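What follows is a set of notes on a single structure, which appears directly below.
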Amino acid sequence: MDSIVRKIRAHSSATPTRWREEAEYRLENKAWLRYSQMIAARMLDKMELLGMTQKTLAERMGCSQQYISKILRGKENLSLETLSKIEDALELQLVYEPESV
């Protein structure tokens, strides 16, 4: 048993893990993260349909490819302005207007 413990310790990282903080963050932000992931999935589907790269989308939106990559990971808290730019660039409706009463 001691040899197993020694092997595990030999392969463990000296850097402390942040899994607890990351798990707490996901729990605290569960609602908007769900929307962000849904939007990212819809964007990826539309980009695939159009044969569009992240670079092309970034050019259409006037931002960096790195920012597009961040959005597509589904962990970005998107502003209404960014949502509007995504909709225009991909010709995709993400925010629905309420029906008139």
Side-chain angles (χ1 to χ4, degrees):
M1 189 66 147
D2 287 338
S3 66
I4 293 172
V5 172
R6 279 195 303 273
K7 287 179 184 178
I8 290 172
R9 286 188 178 145
H11 293 287
S12 66
S13 174
T15 307
T17 181
R18 294 184 38 92
W19 71 267
R20 181 180 299 276
E21 291 89 355
E22 291 170 8
E24 288 171 354
Y25 175 82
R26 286 191 306 272
L27 282 173
E28 291 169 3
N29 297 287
K30 184 179 180 178
W32 72 261
L33 281 169
R34 184 170 21 104
Y35 285 113
S36 184
Q37 291 164 356
M38 179 186 65
I39 289 167
R42 291 192 60 206
M43 289 174 65
L44 285 165
D45 289 344
K46 185 68 178 221
M47 289 170 65
E48 185 178 336
L49 183 69
L50 298 173
M52 185 182 294
T53 64
Q54 290 182 16
K55 182 178 179 184
T56 304
L57 180 57
E59 290 169 356
R60 285 189 181 187
M61 289 179 55
C63 64
S64 69
Q65 183 273 324
Q66 290 81 3
Y67 184 61
I68 297 299
S69 176
K70 197 173 180 183
I71 293 171
L72 293 175
R73 283 194 294 268
K75 297 179 181 178
E76 189 65 15
N77 193 352
L78 302 168
S79 69
L80 292 173
E81 179 182 10
T82 301
L83 288 170
S84 179
K85 288 179 180 181
I86 292 167
E87 288 181 329
D88 290 343
L90 292 174
E91 297 178 4
L92 178 68
Q93 188 172 5
L94 297 169
V95 179
Y96 295 93
E97 296 178 29
E99 295 181 24
S100 57
V101 184

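Numbering starts at 1 and runs along the sequence shown. Owing to the predicted nature of the structure, the values given are computational and were not obtained by experimental measurement.
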I'd like to know if [Y] and [X] are part of one continuous hydrophobic network [Ile/Leu/Val/Met/Phe/Trp/Tyr, side-chain heavy atoms within less than 4.5 Å].
X	Y	value
Met47	Leu78	yes
Ile71	Tyr35	no
Met38	Trp32	no
Leu33	Val95	no

Review point. Is atom CD of Glu48 surrounded by more than 12 heavy atoms (other residues, nucleotides or ligands) closer than 6.0 Å?
Key: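 It does not: Glu48 CD has 12 such atoms or fewer within range.
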Practice item. Would you indicate whether Gln93, at its atom CD, is surrounded by more than 12 heavy atoms from other residues, nucleotides or ligands within a distance under 6.0 Å? Key: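 Yes, because the 6.0 Å sphere around CD of Gln93 holds more than 12 heavy atoms from other groups.
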Exercise for review: List the atom of Glu76, the atom of Ser36, and the distance in Å for their closest heavy-atom pair.
Suggested key: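 Reported closest heavy-atom pair: O-OG, 2.9 Å.
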Check your understanding: What are the two closest non-hydrogen atoms of Glu87 and Leu94, and how far apart are they?
Key ->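 Closest approach of Glu87 to Leu94: OE2-N, 2.6 Å.
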N/O donor-acceptor pair under 3.5 Å between [X] side chain and [Y] backbone:
X	Y	result
Lys46	Glu91	yes
Gln65	Ala58	no
Arg73	Ala40	no

With rounding to the nearest 0.5 angstrom, report the [atom1] to [atom2] distance, [X] to [Y].
X	Y	atom1	atom2	result
Glu28	Glu21	CD	CD	11.0 Å
Arg26	Arg34	CZ	CZ	15.5 Å
Lys85	Ser79	NZ	OG	7.5 Å

Heavy-atom distance under 4.5 Å between the side chains of [X] and [Y], does that happen here?
X	Y	result
Ile39	Leu83	yes
Met61	Thr82	yes
Arg42	Leu90	no

Point to revise | Pair Thr56, Arg60: side-chain N/O donor-acceptor within cut-off below 3.5 Å | key: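 The answer is no; no qualifying pair exists.
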Check your understanding: Is there a side chain to side chain contact (heavy atoms under 4.5 Å, CB included) between Lys75 and Asn29 once you walk through the steps?
Key -> CA-CA 10 Å; Lys75 297 179 181 178; Asn29 297 287; over 6 Å; no
